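This structure is in structure tokens; I'll ask about it shortly.
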2 protein chains.
Amino acid sequence: MLDNYLLEELAAFARTGTLAKTASQLNVTQPTVTRGMQKLETDWGVRLFDRQPNRITLTPTGQLAAQEAAKLLQAQHEAIAKVQNYDRNQRVLNVGAIIPGPLMLLAHVLPTLATHVKISQTLITADEPTTLLTDNTYSLILSSQPLTTATVASSYLGEERLSINLNRFMYQANQSSITFAELKDLSFLVLSDIGPWRAIIQQAIPNAKFLYQDQREAFEEISKYADFPSFSSNLSRDDPLFTQPAPEDGRVRIPISDARAHMPVYAAYLRANKATVKPVIDQLLADWPVS
Amino acid sequence: MLDNYLLEELAAFARTGTLAKTASQLNVTQPTVTRGMQKLETDWGVRLFDRQPNRITLTPTGQLAAQEAAKLLQAQHEAIAKVQNYDRNQRVLNVGAIIPGPLMLLAHVLPTLATHVKISQTLITADEPTTLLTDNTYSLILSSQPLTTATVASSYLGEERLSINLNRFMYQANQSSITFAELKDLSFLVLSDIGPWRAIIQQAIPNAKFLYQDQREAFEEISKYADFPSFSSNLSRDDPLFTQPAPEDGRVRIPISDARAHMPVYAAYLRANKATVKPVIDQLLADWPVS
DNA sequence: AACAATTACGGAATCCGTAAAAATT
DNA sequence: AATTTTTACGGATTCCGTAATTGTT
């Protein structure tokens, strides 16, 4: 016999220390909590509290029970979320990423797909992205590392290769390839949400300044009127510099030759979902830019 | 919102396949289950069933939900058992073992202990004995291997050394030490529940026959009237051959010299329980037979 | 006097079983 | 005809809040 609201009360009591605070935190009255904890003790056949007329405290067993109650509640919330996310992904295939480039390519090839795909607007920063697959937050994660576990598989998609967009009259612009070192001392206009690229450019370019912009609109507005160097890649699709040859707006797009400017891209998914995600992966592979 | 009895119904439906069988398995009526599953769907905001007038089946989401429900129920049972076991071990310290010898020694030194100790009557055969510590089934496990994890620690106690009890007139009896090989072709009277020793004697003694006895009483009865060779060890306490020198009942106790006849013994416990189990471990160490 | 826990009582919500209906095999 | 699911209705349990009680600080 296990009643959920009793677990809530016990876990809340462990946080607050008194039945009164517990009651107010849960928006019930004190007698409710009193009865609840009495019932929990009789249900489990275990003494959880030391009672004095004016004070009630957890026994060691009660402390363990409170820990376990909190864990059970957490597990319940996760299970419900998992089911709800799974249901959502039955209709739309949610895609997340730790780097933005592949998402831009995906957005570009999306009309060719029969599957209804929804692209996450924020990048993943979690330490263990695989949990976002197992809890069905995403059905597909585009990552710079192969994520492989008993239930998660990864497909190699290709490489993202960083380029720099420069004013054509800058002296560095007069070459077909460039290195991070040659970009030293410059100020760059950069989107904030670029995942691992951020650490790479900060470490690789000596004495650089980075003007981070949170919003893409602001980024493009500034980019239109001021002439800061900015980054794009072979996967970029919605900036005007992508189309080759470079347009006549005064900028050139130069690939960066450093090894660090090349990042592998993998598609990670639950093995159980392989059939569902396959068309998306195949389309990405088909439209992946030839190096 | 998560009602436990709905999880039971969902998990049962996943096993039975119809609401009618589910109801009879749970000892409720069909309408109860119908309402329950409808409520579960509205509570979670997810469609779990495909409904036809005369048949109802789980959607893919429903199948996942049933799996998760079963896992949650399992976790709940384990949590309650853990708390109840913990409470029990607050008053009596339960001790388990994978080899019987140390338990016999413990039973012998038990009167010297202030702690109220309860000794398990059956040996542990689980693959992962540490789970029996984390779920508080036992507070102390006597094992032939050190069990060490983030929460479990082990203390080395000493060695158990196997001996053989022989009729004094057998030709092998006339020596102070013996090998497994010298015991070949004999028939032995052996207790069934001797853990790893069973495999050892079976593999080490060539062409031997083992008469396994489940019950200790029967074992001692047979042993009294028939004169089969039998095993004991330096930790044996309740057989008459233990006291040195050997009694005048016609048998001698000869230690076996093979390396395989010597087994290290460790005491494993939750690090959180160190203070509780320490007096027991100290007493075992103090009374451990000198080799 | 103020605070915390418990007990007593009445109302309200919910959960169940019986009975009946609808639809399929 | 026999199953299976669903709906309708009435009863019973249980769960909660208000009010009052006990005991401590």
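Quantities reported herein were computed from a predicted structural model and do not represent experimental measurements. FYI, side chains are in, hydrogens and waters are out, and symmetry mates aren't considered; it's all heavy atoms of this structure. Naming convention: chains lettered A, B, ... in sequence-line order (proteins, then strands); numbering from 1 in each chain.
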Quiz item: Does a donor on one side chain and an acceptor on the other come within less than 3.5 Å for B:S155 and B:Y266?
Solution: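 Absent: no donor and acceptor within the cut-off.
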
Quiz item: Between B:S139 and B:Y269, is a side-chain hydrogen bond (donor to acceptor under 3.5 Å, both in side chains) present by the stated rule, with each step listed?
Solution: CA-CA 6 Å; B:S139 290; B:Y269 53 90; over 6 Å; no

Quiz item: Taking for each residue the nucleotide of DNA chain D bearing the nearest heavy atom, is the 5' side occupied by A:D3 or by B:R55?
Solution: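 Comparing both residues, the 5'-ward one is B:R55.
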
Quiz item: Just wondering, do A:E9 and A:L26 contact through their side chains at under 4.5 Å, heavy atoms?
Solution: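 Yes; the side chains approach each other to less than 4.5 Å.
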
Quiz prompt | Set of residues satisfying side-chain hydrogen bond (donor to acceptor under 3.5 Å, both in side chains) with respect to B:R51, sequence neighbours excluded | solution =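 Partners of B:R51 under the side-chain hydrogen bond (donor to acceptor under 3.5 Å, both in side chains) test: B:E41.
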
Self-check item: Exercise: do A:T130 and A:T149 side chains pair donor with acceptor under 3.5 Å
Solution: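 Result is no, nothing qualifies.
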
Quiz item: NZ of B:K39 versus P of D:dT6: gap in Å, rounded?
Solution: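 Rounded to whole Å, this separation is 17 Å.
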
Practice problem: Could you check how far CZ of B:F49 sits from P of D:dT4, rounded to whole Å? | Solution: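 Atom-to-atom, B:F49 to D:dT4, this comes out as 16 Å.
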
Exercise. Tell whether A:R35 reaches the base of D:dG17 with its side chain through a donor-acceptor pair below 3.5 angstrom.
Key: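 Counting by modelled atom types and ignoring angles, a donor-acceptor contact under 3.5 Å is found here.
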
Quiz prompt | B:N4 CG - C:dT14 C1' separation (whole Å) | solution =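 Distance check: B:N4 CG to C:dT14 C1' gives 16 Å.
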
Quiz item: Atom OH of B:Y5 to atom P of D:dT13: distance rounded to whole Å?
Solution: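 To the nearest whole Å, that distance equals 17 Å.
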
Quiz prompt | Within residues 14-32 of chain B: residues closer than 4.0 Å to DNA chain D (heavy atoms) | solution =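 Heavy-atom contacts with DNA chain D come from B:T18, B:L19, B:A20, B:P31.
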
Quiz prompt | B:T34 side-chain proximity, nearest of C:dA23, C:dA5, D:dT6 | solution =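 For the B:T34 side chain, the nearest candidate turns out to be D:dT6.
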
Quiz item: Between D:dT6 atom P and B:E9 atom CD, what is the distance in whole Å?
Solution: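 In whole Å, D:dT6 P and B:E9 CD are 13 Å from each other.
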
Practice problem: Starting at atom CD1 of B:I56, determine the distance to atom C1' of D:dT6, rounded to an integer number of angstrom. | Solution: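 One finds 10 Å between C1' of D:dT6 and CD1 of B:I56, rounded.
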
Practice problem: Could you state the atom-to-atom distance from CZ of A:R51 to C1' of D:dT22 in whole Å? | Solution: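 Rounding to the nearest Å, CZ of A:R51 and C1' of D:dT22 are 15 Å apart.
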
Quiz item: Out of C:dT6, D:dT6, C:dT24, which nucleotide sits closest to the side chain of B:N54?
Solution: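 Nearest to the side-chain atoms of B:N54, counting from C-beta on, is C:dT24.
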
Quiz item: When all nucleic acid strands are considered with a 4.0 Å heavy-atom cut-off, which category describes B:Q38: base, sugar-phosphate, or nothing?
Solution: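 Contact class for B:Q38: sugar-phosphate only.
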
Quiz prompt | Backbone of A:L48 reached by a side-chain donor or acceptor of A:T59 within 3.5 Å | solution =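 Present.
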
Quiz item: Just wondering, do B:L133 and B:T131 contact through their side chains at under 4.5 Å, heavy atoms?
Solution: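 No, too far: nothing below the 4.5 Å cut-off.
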
Self-check item: Atom pair distance, as rounded to whole Å: CZ in B:F13 and P in D:dT4
Solution: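 For the pair B:F13 CZ and D:dT4 P, the rounded distance is 12 Å.
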
